[in-house]
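What follows is one structure encoded as structure tokens, with my remarks underneath.
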Number of protein chains: 2
Amino acid sequence: MTNKEKILRVAYKMIYRNGYEQTSVDEIISKAKISKSNFYYHFKSKESLGIAVLDLRIERYVNEVINETLMNNKLTPLRRLESFYNKVVKFHKENECKYGCPFGNLASELSSKNHKFRKRLAAFFEQWREKIELCLKHGIEKKEFSDKFNPKLFSEIILAHLEGAILISKTYKQINPLEKGSKEIIKLLKAA
Amino acid sequence: MTNKEKILRVAYKMIYRNGYEQTSVDEIISKAKISKSNFYYHFKSKESLGIAVLDLRIERYVNEVINETLMNNKLTPLRRLESFYNKVVKFHKENECKYGCPFGNLASELSSKNHKFRKRLAAFFEQWREKIELCLKHGIEKKEFSDKFNPKLFSEIILAHLEGAILISKTYKQINPLEKGSKEIIKLLKAA
DNA sequence: TGAATAGTACGTACTAGTTAGTCCTAATTA
DNA sequence: TAATTAGGACTAACTAGTACGTACTATTCA
């Protein structure tokens, strides 16, 4: 692994757990066991590292989570949504619900004061929502989901509920709000 | 207004807009035009101020927002829920959706690293959810809402959706996710 | 040769919290 | 009534530590 990759990996973990502002360059270089000059050789500032970390994690999340579940054409739309929720629930269970959503956390911390972060997060949320919408549309066509739901409006609700449920599960330190809530939403979608 | 009240007012605004960690005692005393020693005369630490601010805002939110709408027995349950959403939407419109939910922000920032904050926020969310649940129960009894909804499960969904929608509205800098989403949820509840 | 690395010392700004003491009012006491 | 005492509200100046970023020299390695 190159030093640059090390920085990105260590920084992601620290930013995810402690937030962007609370993560210091000094701590990153200490954990990554590299020199400060090497850090500034690879990144011109702390902000540019933060953006690089975010871009990388968005790319990986889209490829490894969203596309693998919501866009998996080996599954029916209902199973796609279920496998997506299962993956999310599994992740937060493994973390004991402690750290929340990596993207929601950054959105909460930085949206109001850093335009670059906000723009990227907004574009990512929109991309995510569109893929939920597509899954809903296909599910309605295949009559797995009730046609009384407007796919666009309900994809917004699903995404908002997911972010909120992860936040509340983190606050309660219990998976229930996320796990039961997502099951109830699927039940609702199926109901005629 | 006493200096103590000034500190609480100034600190609330700064913490709400910039987060707890990004709000410095130095900046608080400068904006409140008081000395640092006076600050430490009234509060034994920055944390104890933060807790005092949170307790105060929870108390006011319960009395002035939640009880005035969700528990307002001059309104039918449906109107209670509508007036609650209207109040929330109005608040975020006035702030151009910039700052998010005062409680959600703190939950996101502090739940994982400060037990005192987390405990208070969890208790508050639970109290809030219970009042939504009560409103749903009454609405189902009065046949304003469909009886196919489990009040407890759906109150969890409503609260989670609200927090998530506020966060996404902040990220988009658009009221749509919050405003359209809440209208859609009400429509859903009414549907037979 | 030139990209990548280490080390270290800085500079400037900011951080939470402490110290030792002043000012003023109100109650107590001789 | 006049002196004394107690204590709440307040202040300026300070400490010790952390932050991001820069400067500069000196290696390592492809």
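These figures come from a predicted structure and were not determined experimentally. Lettering follows sequence order; numbering is per chain, from 1.
- Checking the phosphate oxygens (OP1, OP2) of C:dT5, a side-chain nitrogen or oxygen of A:His42 falls inside 4.0 Å.
- Atom C1' of nucleotide C:dT5 and atom NZ of A:Lys33 are separated by 17 Å, given to the nearest angstrom.
- If you check residues 20-29 of chain B against DNA chain D, you find no residue with a heavy atom closer than 4.0 Å.
- Remark: B:Lys180 NZ is loosely packed, at most 12 non-hydrogen atoms of other residues, nucleotides or ligands lying under 6.0 Å away.
- Atom CZ of A:Arg57 is surrounded by more than 12 heavy atoms from other residues, nucleotides or ligands within 6.0 Å.
- One interatomic measurement links the two molecules: NZ of B:Lys44 to P of C:dG17, which rounds to 10 Å at whole-angstrom precision.
- For B:Phe103 and B:Phe124, the gap between ring centers is short of 6.0 Å.
- In this view, A:Glu141 and A:His138 satisfy the side-chain contact (heavy atoms from CB on, under 4.5 Å) rule, not counting sequence neighbours.
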Distance-only check: which donor-acceptor pairs under 3.5 Å involve side-chain atoms of residues 11-21 of chain A, not counting sequence neighbours?
from: A:Tyr16; atom 1: OH; to: A:Gly100; atom 2: O; distance (Å): 2.6
from: A:Arg17; atom 1: NH1; to: A:Tyr99; atom 2: OH; distance (Å): 3.4
from: A:Tyr20; atom 1: OH; to: A:Glu47; atom 2: N; distance (Å): 3.2

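- Side-chain atoms of B:Lys36 and base atoms of C:dA16 include a donor and an acceptor less than 3.5 Å apart.
- Interatomic distance, CD1 of A:Ile185 versus CD1 of A:Ile157, reported as 8.5 Å (0.5 Å rounding).
- Under a cutoff of 6.0 Å and an axis angle of 45°, B:Lys46 and B:Tyr40 do not form a cation-pi pair.
- Taking atom CD1 of A:Ile7 as the reference point, atom C1' of C:dT5 lies 11 Å away to the nearest angstrom.
- Separation of atoms NZ (A:Lys116) and CG (A:Leu110) is listed at 12.5 Å; rounding is to 0.5 Å.
- Atom CZ in A:Phe39 sits about 13 Å away from atom P in C:dA6, given to the nearest Å.
- For the atom pair OG (A:Ser111) and CG (A:Leu121), the distance works out to 5.5 Å, reported to the nearest 0.5 Å.
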Pairing pattern in dot-bracket form [Watson-Crick, G-U; both distances under 3.5 Å; | = partner strand] for DNA chain C: ||||||||||||||||||||||||||||||
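- A 4.0 Å heavy-atom criterion places the boundary nucleotides of DNA chain D facing chain B at D:dG8 to D:dA12, written 5' to 3'.
- The only member of B:Leu78, B:Ile158, B:Ile140 that meets side chain to side chain contact (heavy atoms under 4.5 Å, CB included) when paired with B:Leu189 is B:Ile158.
- Applying the side chain to side chain donor-acceptor pair (under 3.5 Å) test to A:Lys93 and every residue at least two apart in sequence or in another chain returns A:Glu179.
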